[in-house]
Trainee: 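Please find one structure pasted underneath; my questions will follow.
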Amino acid sequence: MVQIVENIQRSNDRPGDPRNREVVHAPYDDPQIGNLATPINSSAFTKAFINNLPAYRKGLSPQRRGLEVGLAHGYWLLGPFVTFNPLRDTAVGLMAGLFATISTILISTFAISLYAASDPPEPLATVTAPNPPEALKTSEGWHEYAGGFLVGGVGGALVAYAILANLDVFRTIFNIL
């Protein structure tokens, strides 16, 4: 046991030992920034992934950003509402899930609109997303985002509903499932 402890103590004096490297540090060598640069959030893969999401992708209008985010949320929110609602085993279970999803999208759109009306602060540049979108620095941009989110969310929910309502047709056509 003494030998293991001595080996560890000797490795503390070797700068080439990988255990002695700093992997978490302040971004841009500024300790006043509260977002630390780690091997995860400052990797090329993470930066590419985050910067290709609709919230940070270059060249999109706020309405298009909201549309893409709303489509994704409307599409995936339907599943839990259909699967876990109290009417799931009835003929109206799918429709109840659709109404619950659209209600959630409406509440979320209202929350985004309230945020837009509160004169939101400018988005901060981080290690992962160094160039936040210019359009989301204003209340008008956030209002456009909310409108796109509503249209996309309802559209995504309707597409998911249409797929689930016609699942037998898809099974027949594709002979799967």
Trainee: Filter on ring-ring contact (aromatic ring centres under 6.0 Å, His included), then keep only pairs touching residues 85-104, sequence neighbours left out; what's left?
Mentor: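 Every candidate ring-ring contact (aromatic ring centres under 6.0 Å, His included) pair involving residues 85-104 fails, so no pair, neighbours aside, qualifies.
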Trainee: Decide whether Thr104 and Thr101 meet the rule of one side-chain donor and one side-chain acceptor closer than 3.5 Å.
Mentor: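 No donor-acceptor contact under 3.5 Å links the two side chains.
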Trainee: Find the distance between OG (Ser108) and CG (Leu77) and round it off to the nearest 0.5 Å.
Mentor: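 The CG atom of Leu77 is 7.5 Å from OG of Ser108, to the nearest 0.5 Å.
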Trainee: Cluster question for you: counting only ILVMFWY and a side-chain heavy-atom cut-off of under 4.5 Å, with indirect links fine, are Phe81 and Leu106 together?
Mentor: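 They do share one cluster, since a chain of ILVMFWY contacts under 4.5 Å joins Phe81 to Leu106.
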Trainee: Would you say Val151 and Leu71 make side-chain contact, with heavy atoms under 4.5 Å?
Mentor: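 Of all side-chain heavy-atom pairs linking Leu71 with Val151, none is under 4.5 Å.
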Trainee: Give, for atom CG of Leu94 and atom CG of Leu167, the distance between the pair rounded to the nearest 0.5 Å.
Mentor: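 Answer rounded to 0.5 Å: 10.0 Å.
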Trainee: Going only through I, L, V, M, F, W and Y residues with side-chain contacts under 4.5 Å, is there a path from Phe84 to Val92?
Mentor: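 As far as the 4.5 Å side-chain criterion goes, Val92 and Phe84 are not connected within one cluster.
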Trainee: Please say whether more than 12 non-hydrogen atoms of neighbouring residues, nucleotides or ligands are located less than 6.0 Å from OH in Tyr75.
Mentor: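 Atom OH in Tyr75 is not packed in, count stays at 12 or less.
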Trainee: Are Leu98 and Leu150 connected in the hydrophobic side-chain network, where two residues link if heavy atoms are under 4.5 Å apart?
Mentor: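 Cluster IDs for Leu98 and Leu150 match.
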Trainee: Looking only at heavy atoms, which two atoms of Phe149 and Ile105 are closest? And how far apart?
Mentor: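 Shortest heavy-atom contact: CE2-O, 4.0 Å.
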Trainee: Check Leu87 against Ala96 and note the closest heavy-atom contact, atom names and distance.
Mentor: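 Result for this residue pair: CD1-CB, 3.9 Å.
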Trainee: Do Tyr161 and Val154 sit in the same hydrophobic cluster, where Ile, Leu, Val, Met, Phe, Trp and Tyr count as joined when their side-chain heavy atoms come under 4.5 Å apart?
Mentor: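 Yes, because Tyr161 and Val154 connect within a single hydrophobic cluster, where side-chain heavy atoms sit under 4.5 Å apart.
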Trainee: Name each donor-acceptor pair under 3.5 Å that joins a side chain in residues 138-146 to protein atoms two or more places apart or in another chain, with its distance.
Mentor:
{"residue": "Thr138", "atom": "OG1", "partner": "Gly141", "partner atom": "N", "Å": "3.1"}
{"residue": "Ser139", "atom": "OG", "partner": "Ala116", "partner atom": "O", "Å": "2.8"}
{"residue": "Trp142", "atom": "NE1", "partner": "Leu136", "partner atom": "O", "Å": "2.9"}

Trainee: Within this structure, what is the OG1-CG distance for the pair Thr126 and Asn41, rounded to the nearest 0.5 Å?
Mentor: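 Atom-to-atom, Thr126:OG1 and Asn41:CG are 7.5 Å apart.
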Trainee: Atom CG of Asn85 and atom CE of Met95: how far apart are they, to the nearest 0.5 Å?
Mentor: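 One finds 12.0 Å between CG of Asn85 and CE of Met95.
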Trainee: Quick one: pull up CZ in Arg57 and CZ in Arg64 and give me the separation to the nearest 0.5 Å.
Mentor: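 Answer for the CZ-CZ pair, Arg57 versus Arg64, is 6.5 Å.
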Trainee: Between Arg65 (side chain) and Ala55 (backbone), is there a donor-acceptor pair under 3.5 Å?
Mentor: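 Here the side-chain-to-backbone pair exists.
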Trainee: Over all heavy atoms of both residues, which pair between Ala125 and Pro130 is shortest? Give the atoms and the distance, please.
Mentor: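 The pair with the smallest heavy-atom distance is CB-O, 3.2 Å.
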Trainee: If every non-hydrogen atom of Ser42 is compared with every non-hydrogen atom of Lys47, which pair is closest and at what distance?
Mentor: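 That closest heavy-atom pairing would be O-CE, 3.6 Å.
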Trainee: Would the distance check show the side chain of Thr83 and the main-chain N or O of Pro80 forming a donor-acceptor pair, the cut-off being under 3.5 Å?
Mentor: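 No, because the side chain of Thr83 does not come within donor-acceptor range (under 3.5 Å) of the backbone of Pro80.
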Trainee: Nearest 0.5 Å, what's the CG-CG distance between Leu53 and Leu60?
Mentor: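 Rounded to the nearest 0.5 Å, the CG-CG separation comes out at 11.0 Å.
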Trainee: Indicate, with yes or no, if Ile112 and Ile102 share a hydrophobic cluster defined by side-chain heavy-atom contacts under 4.5 Å among Ile, Leu, Val, Met, Phe, Trp and Tyr.
Mentor: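 Yes: a chain of side-chain contacts under 4.5 Å links Ile102 to Ile112.
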Trainee: What heavy-atom pair brings Asn131 and Lys58 nearest, and what distance separates the two atoms?
Mentor: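 Reported closest heavy-atom pair: ND2-NZ, 4.3 Å.
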Trainee: Around atom CD1 of Ile40, are there more than 12 heavy atoms from other residues, nucleotides or ligands closer than 6.0 Å?
Mentor: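 No - once you tally the heavy atoms of other residues, nucleotides and ligands closer than 6.0 Å, there are 12 at most.
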Trainee: What heavy-atom pair brings Pro132 and Tyr56 nearest, and what distance separates the two atoms?
Mentor: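 Distance-wise, the nearest heavy atoms are CA-CD2, 4.4 Å.
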